[in-house]
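What follows is a set of notes on a single structure, which appears directly below.
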Amino acid sequence: MQPQPQRPTGAFIGASWAALLVGAIAYLTGLWNAGMALTEKGYYFTVLLYGLFSAVSLQKSVRDRLESIPVTAIYYGLCWVSLLLAVLLLTVGLWNATLLASEKGFYAMSFLLSLFGAVAVQKNIRDLAHFKDDPPAQSPATLPEE
């Protein structure tokens, strides 16, 4: 028996988008204002994009498996490796960066908030698509009489 998704509430949809946007905008604003080399900024920007893509791809793979949609084991494994690699790349970059500890924490938290937001937004989009395909349930009072 497949678990049936529940329709996400407006509050959860808003919170998901807010988490994604606040995390990504904070991270990118920090990069824009950082006094680091352009190549270093490019590295952190690429890690953010890679992390967002791998998080969404993993969420989709997990959801596909839950809904009995075929996902190859190699792709599923690559999704996990990609997400872990994105987090590892950020960790190594921040570990070796000549930034204050507070700046390192800022980048780490805004990165993780962005990943969470991306996963939640993807979940909401998937859930809403499920309800869009199904006709709304009618109550007995609105059913046509025979």
Side-chain angles (χ1 to χ4, degrees), residues 1-139 142:
M1 179 182 211
Q2 292 183 5
Q4 293 298 319
Q6 295 182 0
R7 184 176 191 85
T9 64
F12 184 66
I13 292 170
S16 301
W17 277 103
L20 174 59
L21 293 174
V22 167
I25 289 170
Y27 186 95
L28 294 173
T29 301
L31 273 184
W32 183 266
N33 293 319
M36 57 179 77
L38 192 56
T39 55
E40 195 174 359
K41 288 181 180 186
Y43 173 81
Y44 288 113
F45 179 71
T46 303
V47 168
L48 175 66
L49 294 181
Y50 180 43
L52 291 173
F53 178 80
S54 62
V56 168
S57 187
L58 177 61
Q59 193 279 339
K60 182 181 180 336
S61 298
V62 168
R63 184 69 177 266
D64 284 350
R65 284 186 156 199
L66 283 173
E67 294 178 358
S68 300
I69 298 171
V71 176
T72 62
I74 189 126
Y75 185 78
Y76 185 70
L78 284 173
C79 289
W80 273 109
V81 168
S82 289
L83 182 62
L84 296 174
L85 188 57
V87 173
L88 179 66
L89 286 169
L90 182 75
T91 303
V92 169
L94 290 177
W95 185 270
N96 293 312
T98 55
L99 299 170
L100 297 172
S102 60
E103 292 175 302
K104 291 179 182 184
F106 166 80
Y107 284 112
M109 289 297 103
S110 59
F111 179 78
L112 293 175
L113 180 61
S114 298
L115 294 185
F116 169 78
V119 168
V121 166
Q122 166 65 16
K123 179 198 176 305
N124 290 337
I125 289 171
R126 183 85 174 246
D127 288 347
L128 290 173
H130 173 77
F131 286 100
K132 188 181 218 180
D133 294 340
D134 292 341
Q138 294 183 346
S139 67
T142 61

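Fair warning: this is a prediction, and the values are worked out from it, not measured in the lab.
- By the 6.0 Å contact criterion, CD1 on I69 is enclosed, its count of non-hydrogen atoms from other residues, nucleotides or ligands being greater than 12.
- For the residue pair F12 and A120, the shortest heavy atom distance occurs at CZ-CB, 4.2 Å.
- Atom OH of Y43 has more than 12 neighbouring heavy atoms from other residues, nucleotides or ligands inside a 6.0 Å radius.
- Between Y27 and L90, some side-chain heavy-atom pair lies under the 4.5 Å cut-off.
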Do E103 and L94 pass the side chain to side chain contact (heavy atoms under 4.5 Å, CB included) test, and can you show the C-alpha distance, the side-chain angles, and the key distance before you say yes or no?
CA-CA 9 Å; E103 292 175 302; L94 290 177; over 6 Å; no
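- A distance of 5.0 Å separates CH2 in W17 from CD1 in I125, rounded to the nearest 0.5 Å.
- Of all non-hydrogen atoms in V62 and Y76, the two that sit nearest each other are CG2-CE1, 3.8 Å.
- Atom CD1 of I13 is separated from atom NZ of K123 by 9.5 Å, given to the nearest 0.5 angstrom.
- Between P8 and D127 the shortest heavy-atom distance is CD-CB, 3.7 Å.
- One distance of note links NZ of K104 with CG of N96; it measures 7.5 Å at 0.5 Å rounding.
- Within 6.0 Å of the CZ atom in F116, the count of heavy atoms belonging to other residues, nucleotides or ligands does not exceed 12.
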Starting from the C-alpha separation in whole Å, work towards a yes-or-no answer on side chain to side chain contact (heavy atoms under 4.5 Å, CB included) for L28 and L48.
CA-CA 9 Å; L28 294 173; L48 175 66; 3.9 Å; yes
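- Shown here are the salt bridge (charged side-chain N to carboxylate O under 4.0 Å, His left out) partners of R65, two or more places apart in sequence or in another chain: there are none.
- Counting only residues at least two apart or in different chains, side-chain hydrogen bond (donor to acceptor under 3.5 Å, both in side chains) contacts with residues 44-57 comprise Y50-S82, S57-Y75.
- Remark: L83 CG to Q59 CD distance equals 11.5 Å, nearest 0.5 Å.
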For L52 and L115, run side chain to side chain contact (heavy atoms under 4.5 Å, CB included): C-alpha distance rounded to whole Å, both residues' side-chain angles, the deciding distance at 0.1 Å, then the answer.
CA-CA 6 Å; L52 291 173; L115 294 185; 4.1 Å; yes
Show your working on side chain to side chain contact (heavy atoms under 4.5 Å, CB included) between Y107 and L99 and close with a plain yes or no.
CA-CA 10 Å; Y107 284 112; L99 299 170; 4.0 Å; yes
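- For T98, the side chain to side chain contact (heavy atoms under 4.5 Å, CB included) test picks out no residue, with sequence neighbours left out.
- In this structure, S16 and N124 approach most closely via the heavy-atom pair OG-ND2, 3.1 Å.
- K41 and L31 get closest at one heavy-atom pair: CE-O, 3.1 Å.
- Between the CD atom of Q122 and the CG atom of L20 there is a distance of 11.5 Å, given to the nearest 0.5 Å.
- Between G23 and S114, the shortest heavy-atom contact is C-OG, 2.9 Å.
- For the atom pair CZ (R126) and CD (E67), the distance works out to 4.5 Å, reported to the nearest 0.5 Å.
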